[in-house]
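Remarks on the structure that follows.
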Amino acid sequence: MIGIYALISFLLPFLSFIIIGFFIRRYGKISAYLSITCVLLSLFFSILSLIHLNKNPGEYFIEWLWLSQKLFTFKFGIWVDPLSSAMLFVVALVASMVQIYSLGYMKDETPPSLGRYYAYHSLFTFSMMGLVLSKNILELFVFWELVGLCSYLLIGFWFYKPSAAKAAVKAFWTTRLGDVGFMLGLLYLYKHTGCFELKDLLSKAPEFSQGIITTGTLLLFCGAVGKSAQFPLHIWLPDAMEGPTPVSALIHAATMVAAGVYMVARLFPLFSLSKITLFIIAFIGAFTAVLASTMAIVQEDIKRVLAYSTISQLGYMMAGLGVGNVNAGFFHLFTHAYFKALLFLCAGCAIHAVHSNSIWDMGGLLKRMPVTGFSFLIGLLALSGIPPFSGFFSKEEIIHAAYLSEFKLPFYLLIIGVFLTAFYMARVFFVAFLGKERKEEAKHAHEAPYSMTIPLIILSIFSIFSGFYKNELYKFLGEHETHHSFSPILPLLSFLLAISGFFLAYLYYYSNRLSPEKTARKIYPVYNLVYQKYYMDHIAEWIYSKVALNLSFLAAWWDRHVVDGTVNWVTYTTGRLGKNLRVIQTGIVQDYLVYIAIAFIIIGFIVFQIF
Amino acid sequence: MGIKGILIISAIMFSLGVFGVLTRKSALGILIAIELMFNSANLNFAAFGRMLGKIEGSIFPLFGIAITVCEVAVGFAIIFYLYRIRKTTKADEVDILKG
């Protein structure tokens, strides 16, 4: 029964995608309501499966044969266990909130384009649920790519804007780069272990040699680096802000970027067997966490700040996985999904109200838009890890796990990250939501419609309370002993760091005791380095335009001249030969007779061996 | 005149026939040249039949002549038909097989 619930939950968005995509795309409103109904039903069924699974713990499979060959059989199916069913719930919840919110946010779209929007959304939700539930690594890869495709479609939703089209292509390429690694990884693992089934892979994992596991998991991790926007493939995520804001919320909270973390969490028993892989994951995660937070400090676009904060929080999750505490990483994914979706949706409301993305065009929005403002504040406190908001618990778990682990470096990086996170988030809040209105439009800003504020309220509730269910979640995920030896020093330390981050932001951006411009001028080289995003985009562009493009020119040259050349030479020679030979076809009978006579004479000579 | 002389005459006739076939413009001329080649072959039959004293050598040319008659009849029919559709009997003007 649990499997059936999950299956229904998984197929409903697909149904709505099919109906909208093929039949009723022209009727935007109907498409929107259909899609929302489907995703709400899907949420309902995912809750059912969650509840039933909590009562009867275990693992449930539904599968059917897709491909049966002599070499291997490929079964398509779903695998419902605590991890996947918890994730299914998160995806359904965030997707339904975002879809409801989009009703208000996208109301200016033309009906066909609204239909297209909801069709993509349904497909996106379906793909992510498929990824979450897949029981087979090949199936996981299929949905993995589908998720990438959907995010491409949605980032480039306003494809007539060149920047959006570019951002979509950039996102697609960058994640593709990681996906190549993922694909190689799964083929490599298949070659050496002979199984595609996740379950077999995990249960047989201890039998494999260390080298195979390390290589395979590192290759798989490449895919996660691309999807979850870890250094050095994080460059696509800030540009992905070109999409509509609800799309950003969906991508950042539950679907696209969560896929990488989820995949690592799913295959964690395999990953955990290789110390090297874990070290690399922890290090890249922690490094990304700090790097992205520094970049977030100098951004002016509210969505870009949030984008960098997502990268940084994903870094925390990866670090949590890397230091060996899979539940901490997943718990942070779980809480982050709520507050990041919340923050993005609030940002969407603010943008909607002032028609600008820049925080310097906003200001004083808390008075005019109290629901949005307080929701943003809740999201902010959760993100910065202030007790008792949810982010505090999950982040604390990760930092604690990092502290206990044998690698020390990630711990220090993550601690720095706490301070930076609090600083840049408080900066946004002080500039955009407090202070005085800087622009005429900010003065006329008013609260968003109910379709937009209700999702905010629901997500706020989750952002506040989801942290309290840590023990329940851990128990649900199958970890019975929780850390009772919770030393009070670490939470206190990170709390103080977060508060000091707030205080510094207060000095800079609210009380004006310190001037950000002056500080920026004082440390100009550092400021510029950060402002230019460490030249990562330039490097990527250089690699693309110089290395990759020239390589592809080389490949094109080879194809055009060597491969095509051979083919063309054969056809040319044949044609030339035919052209020359056609001269003898005069059509006059006597000429043919001459040929016959000559041939006869020659044959006669040969037969009688006169020469 | 021994067999050698007859064979030489036959060879000359055959060569003339080939020459005629390859050079004549008129389709009728070609047909006649073909007859010449035929008859050189018949002459050879007769000559060898007489040399070896066998009756078959003399009978075979009779069959040959009969076949020639049929062939000429078919040949003429083709030429008539050719004339009807192309208004000519010149072999070098008919080149619809030209590639």
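All values reported here derive from a predicted model rather than from experimental measurement. Each chain gets a letter, A, B and so on, in the order the sequences are listed, and its residues count up from 1. Computed from heavy atoms alone, side chains included, the values below leave out hydrogens, waters and symmetry copies.
- Other residues, nucleotides and ligands contribute at most 12 non-hydrogen atoms within 6.0 Å of the CZ atom of B:Phe80.
- No more than 12 heavy atoms of other residues, nucleotides or ligands shown are found within 6.0 angstrom of OH on B:Tyr83.
- Here CG of A:Leu593 is found 11.0 Å from OG1 of B:Thr23. Values are rounded to the nearest 0.5 Å.
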Stepwise side chain to side chain contact (heavy atoms under 4.5 Å, CB included) check, B:Glu93 with A:Ile588: CA-CA 8 Å; B:Glu93 287 174 18; A:Ile588 296 165; over 6 Å; no
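- Proximity to chain A (any heavy atom under 4.5 Å) is shown, for B:Val21, by both the backbone and the side chain.
- Taking CZ of B:Arg24 as the reference point, atom CD of A:Gln590 lies at 10.0 Å (rounded to 0.5 Å).
- Shown here is A:Arg26, whose CZ atom has no more than 12 heavy atoms of other residues, nucleotides or ligands within 6.0 Å.
- Under a cut-off of 6.0 angstrom, the local environment of OH in A:Tyr27 is sparse, with at most 12 non-hydrogen atoms contributed by other residues, nucleotides or ligands.
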